[in-house]
There are 2 protein chains.
Amino acid sequence: MVNSPAPSSNDVKTHHESVGAWAKRYYFANRAAIESVLRPYGIGTTQWYVLYQLANDGPTIQRDLGQLLHLERATLSGIVSTLVRKGHVEQVPGATDQRQRVLHLTKAGRKLWEGLPDPIAVIGATSLQDISEAELATAVRVLKAATQRLNDYMADGDRT
Amino acid sequence: MVNSPAPSSNDVKTHHESVGAWAKRYYFANRAAIESVLRPYGIGTTQWYVLYQLANDGPTIQRDLGQLLHLERATLSGIVSTLVRKGHVEQVPGATDQRQRVLHLTKAGRKLWEGLPDPIAVIGATSLQDISEAELATAVRVLKAATQRLNDYMADGDRT
DNA sequence: GTGAATTCGTTCGTTACCTAACAAATATCG
DNA sequence: CGATATTTGTTAGGTAACGAACGAATTCAC
């Protein structure tokens, strides 16, 4: 796309746009691919992550799950109620703290989980093969650093 | 970050998850930051891209705009009608082909555009400073290659 | 030149993300 | 103890993305 002459300072914006643009495209392509694997089972990508957590780490407080998956309370609330409606997850008030909701798989939920393919393995393997460990590490480092900056920026901006 | 022992096959999943996970987090952090810049003006990120196109390249057929911005017809349709509702954009049937819609800025839309900051410049500059050109290029290359793979995978899967 | 295929935009249903505002429960401080 | 703050989850409203199905316009084939 952007062929590579000596990058002038004018290229900065182009580069920036590229990382952002490609992060977006990769995110959505990845999501679409995962969803195509999961579609026959009637669950979405983020719903899968919730089931994954509950299946592997057992009952979890909704608040903690939100932090683990980097989701806002409101977002998780909707996803959980979808899973509850479908009968895969049960949501019970916490024993000591009545505000909290403890989530755990229902029997049906566990059964579903056991029949589920692992979309990360299926999709991830195809999408990243032939990319060296070093390149992967660089990509992650860049994405991580940039995300960090943005979060700092937002935190600052809020306080001002 | 990811220190580099001989990568066992168990690392594969971890790495894959990381690129996907970080692409997602960067995408949303970026979007949130851009939206915070644009919020006072009452427009969203993708709406800004539409205005950008119309301001710089003049009237455009909706179909072409979709390809430029990598958006499906259905997605763009909603975004355009939001901009039309707000009075920034006008959507007129094509002269030669009555199926097509030609989009152009209204007078109010152009005025808005002229008072708008450039969120890509503002946000991109902060988020990617101190990252070398080489690293940026690698990140883009990885994201691009992975996206390519996923698109191929989806195309194959559809035909099967 | 007419019937079939294609293209373009819209609408509908779904997923997933956010903020803001709110209610209930719990914690903290005077 | 009791008023005030904080935490947890939900709801409502907004943005953005997708696929499927549809109608209208156009193009293609024969």
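Per chain, numbering begins at 1; letters A, B, ... match sequence-line order.
- Regarding A:Gln98, its CD atom lies at a distance of 13 Å from the C1' atom of D:dG9, rounded to whole Å.
- For the pair A:Phe28 CZ and D:dG19 C1', the computed distance is 14 Å after rounding to whole Å.
- The separation between A:Glu90 atom CD and D:dG9 atom C1' is 17 Å, rounded to whole Å.
- Along DNA chain D, the nucleotide nearest A:Lys24 and the nucleotide nearest A:Arg101 are compared for position; the residue whose nucleotide lies closer to the 5' end is A:Arg101.
- For C:dT26, neither phosphate oxygen OP1 nor OP2 lies less than 4.0 angstrom from any side-chain nitrogen or oxygen of A:Gln100.
- The cationic atom of A:Arg25 (NZ for Lys, CZ for Arg) lies less than 6.0 Å from the six-membered ring centre of A:Trp22 and within 45° of the ring axis.
- At whole-Å resolution of the value, CZ in B:Arg63 and P in D:dA24 are 21 Å apart.
- Contacts between residues 69-87 of chain B and DNA chain D, counted as heavy-atom distances below 4.0 Å, involve B:Leu71, B:Glu72, B:Ala74, B:Thr75, B:Ile79, B:Lys86.
- The main-chain N or O of A:Tyr52 is found under 3.5 Å from a side-chain atom of A:Asn56 such that the two form a donor-acceptor pair.
- Of the N and O atoms on the side chains of B:Thr106 and B:Glu90, not one donor lies less than 3.5 Å from an acceptor on the other residue.
- Taking atom CG on A:Asp64 and atom P on D:dT7, their separation rounds to 14 Å, with Å as the unit.
- For D:dT7, the base has a donor-acceptor partner in the side chain of A:Arg99 [N/O atoms by modelled type, under 3.5 angstrom].
- When rounded to the nearest whole Å, the span between CH2 of A:Trp48 and C1' of C:dT15 equals 17 Å.
- The OH-C1' distance, from B:Tyr49 to D:dT15, rounds to 15 Å in whole Å.
- No option in B:Gln62, B:His104, B:Arg101 other than B:Gln62 meets the side-chain hydrogen bond (donor to acceptor under 3.5 Å, both in side chains) test with B:Gln91.
- Judged by distance alone, the side chains of B:Glu135 and A:Thr138 never bring a donor and an acceptor atom under 3.5 Å apart.
- Nearest-nucleotide positions on DNA chain C for B:Ala32 and A:Asp97 put B:Ala32 closer to the 5' end.
- Backbone-only engagement by B:Thr96 is indicated by non-hydrogen atom pairs under 4.0 Å involving sugar-phosphate atoms exclusively.
- Listed nucleotides: C:dC17, D:dA16, C:dC8. Nearest to the side chain of B:Tyr27: D:dA16.
- Checking D:dT10, C:dA16, D:dA16 against every side-chain atom of A:Gln91, the shortest atom distance belongs to D:dT10.
- In terms of heavy atoms, B:Gly42 sits closest to B:Lys86 at O-NZ, 2.8 Å.
- Comparing C:dA16, D:dT26, D:dT10 by their closest approach to the side chain of A:Gln62 singles out D:dT10.
- One atom, CD of B:Gln67, and another, C1' of C:dT7, lie 12 Å apart when rounded to the nearest Å.
- Between the side chains of B:Tyr27 and B:Arg31, a donor-acceptor pair is found at a separation under 3.5 Å.
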